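Single-structure report; data block below.
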Number of protein chains: 2
Amino acid sequence: MLAKELNLAISTVSKALRDSHEVKAETKTKVWDLAKKLNYQPNAFAAGLRAQKSKTIAVIFPELANSFFSLAIKGIEEVARGKGYHVLIYPTHECKEQEISFAYRLMDGRVDGLMISLSRGTTNYDHLIDLNQKVPMILFDRISDDIDILKVTTNDYESAFIATQHLIENGCNKILYLEALKFTSAGKFRLQGHIDALEEFNLSYNKQLIIDCDQSDQENYYHIKHGLVSNKPQGILSSIEKLATLCYNACKELNLTIPNDVKIVSFSNLETAHLWSPPLTTITQPAFEIGKEAAKLLFQLLDKKQIDLKDENKILKSAFIKRGSSAVCETFT
Amino acid sequence: MLAKELNLAISTVSKALRDSHEVKAETKTKVWDLAKKLNYQPNAFAAGLRAQKSKTIAVIFPELANSFFSLAIKGIEEVARGKGYHVLIYPTHECKEQEISFAYRLMDGRVDGLMISLSRGTTNYDHLIDLNQKVPMILFDRISDDIDILKVTTNDYESAFIATQHLIENGCNKILYLEALKFTSAGKFRLQGHIDALEEFNLSYNKQLIIDCDQSDQENYYHIKHGLVSNKPQGILSSIEKLATLCYNACKELNLTIPNDVKIVSFSNLETAHLWSPPLTTITQPAFEIGKEAAKLLFQLLDKKQIDLKDENKILKSAFIKRGSSAVCETFT
DNA sequence: CTGTTAGCGCATTCAC
DNA sequence: GTGAATGCGCTAACAG
């Protein structure tokens, strides 16, 4: 408050700044003018301490240099900013210890709420349970069914199912599945959706057609090429875009034309799919929307303070499939 | 502090937690045990208010869903975390008003320092000058020479010069330049480096060979294709990776083989270049390193408090060129 | 070794 | 309308 001492009492200035009705208009303008001149902003820590709230949320997530999480955080930030909140970031780099460390650090009253996307190694959730007792939180994307906290995620199962169906209906009897992110909920759901779709349409499920691509680019490329040569699939379902790129190159090396010889469908976050020639058929994860929805849910929690929407919005799902820029089918909810 | 009242005085607990030498070991362990049991963390706002520091830095930058800034922020976060600092993010979406709004909001003592990458429209720097009087800051990547604040950026001029030289030395007498980010310092330096290299090697500078690609993908594609057809260049220098992708597709449509008919060199942040076939020759901007260096510089400022390294580290530059995964030439400083 | 006190800057309560 | 007093939770100076 300081420099205001030039004339008035501390409390009067405080009231003036908050446009209280019990301050003369003349006094107010005088205060406002000086405040503007000095670029005065009430100290956030003092105000926060007083009000017992930080106007800040945090996001704990696996990886910054990742288009999915970048977009999700973009969505989170937009919602938060709309509410006048600040956003702290805590990338774990898929490291469980880092995640735990962040969780305990965030019990210091620095944030009013937080959003978490689990790191790769996280199998024990004590830190989240502890944290959740002190600050409301939402899980997004990298979730676990073993923990009773509100969640927002994509409908990976249904998306993979529909994508597989799409390939089958376009004449693919043999489909190569490029598996990635085995350790995540999304990775598991995608594979399961694919497998169930195969069964639904009476196609034999063959383990050889599932290529494990959680290796280096070189190894993945080798395995994909091998899979193409030895199985001669008519269709390919890639669980992440990067593998589709590798597969695309492998097809070219093998002189397989797309989509005549082989059709490719891929999960995708990057918006480069339409740059391909021919364009890739994609299942776009609405990362931005997930961030937004998850953040909205968090603010519902913050507003209603513990009101039991525990049973309401448990899981919010979405995804859609498109080829280049024209939609093949949409399942956005 | 609260629950500790079960036995001791508030200040004794405070001292015990900070492992003060003037507290009995027995008392300490008693305090520590309870603290652990209750997952106690000293309130950050109270401590911050007391100490007059926030242990927090902020980053104001144009775009989150952008591989360059994602990587830069990753670098910033790593350095900050190493120092025990928290990181707030403020994406402006290239909106000048947003940038100004953030700047004034951050005068509330919430942060000890900050890093800024200018938004597209920013031409007036009053908000930064005002802000810089209250909190130390560093400019990175999207800088301006019109403001006297420490800066960290890439050596775009030299990189474009070397890339052009590289093409010329590989037999390209006619080079198409795909221009983007005209409104940024980087965009201007890249073009100038290219032009100066042409002159240095006595190649005629022809405006027709500079394609303005700050449009939509469709328009850019059209202009690039037109440029290829009408000029028949042997080399292409793309100022961003996305344009290189478009150009690549255009070449294929025109049945131009790479690199036989035409050689492509591109600035790049994405690590997808090596996925191409044939691999793209790239000038990789070390986004991660820029973030790290800029953050280190900020912490120097914070530590030394205003010590006049104003004249020291003014600009830190770096970049290197490689083809696929093998380096063509490195100029990392 | 432990406890008492004061003050960081703000917003609220109550007195003038 | 305005001002003085209080406390948010913490730490550091000082007293016991």
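Keep in mind the model is a prediction, meaning the values are calculated, not measured. By convention in this document, chain letters (A, B, ...) are assigned in the order of the sequence lines, proteins followed by strands, and residues within each chain are numbered from 1.
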Is the ring pair B:Phe69/B:Phe61 parallel, tilted or perpendicular, if the boundaries are 30 and 60 degrees? tilted
Interatomic distance, A:Leu49 CG vs C:dT12 C1' [rounded to whole Å]: 14 Å
Given atom NZ of B:Lys53 and atom C1' of C:dG9, what is their separation to the nearest angstrom? 18 Å
Taking atom C1' of D:dC8 as reference, at what distance in whole Å does atom CG of A:Asp108 sit? 16 Å
Using OP1 and OP2 only, check whether a side-chain N or O of B:Arg50 sits under 4.0 Å from D:dA12. no
Can you check whether any acceptor in the base of D:dT11 is under 3.5 Å from a donor in the side chain of B:Ser14, or vice versa? no
OP1, OP2 of D:dC10 versus side-chain N and O of B:Ser11: anything below 4.0 Å? no
Say you draw a straight line from OG1 of A:Thr27 to CH2 of A:Trp32; how long is it, rounded to the nearest 0.5 Å? 10.5 Å
Is a donor-acceptor pair below 3.5 Å formed from side chain B:Lys15 to base C:dG3, judging by atom type as modelled? yes
Between B:Ala9 and A:Ala47, whichever has its closest DNA chain C nucleotide further toward 5' is B:Ala9
Return no unless some side-chain N or O of A:Tyr40 is found under 4.0 Å from OP1 or OP2 of C:dG9. no
To the nearest angstrom, the CG-P distance between A:Leu8 and D:dG1 comes to 14 Å
Find the distance A:Glu22:CD to C:dT12:C1' and express it as a whole number of Å. 10 Å
When you measure from the side-chain N and O atoms of A:Gln52 to the phosphate of D:dG7, is any distance below 4.0 Å, counting only OP1 and OP2? no
All pairs passing ring pair (Phe, Tyr, Trp, His ring centres under 6.0 Å) where residues 89-111 of chain B contributes a residue, at least two apart: A:His86-B:Tyr90, B:Tyr90-B:Phe102
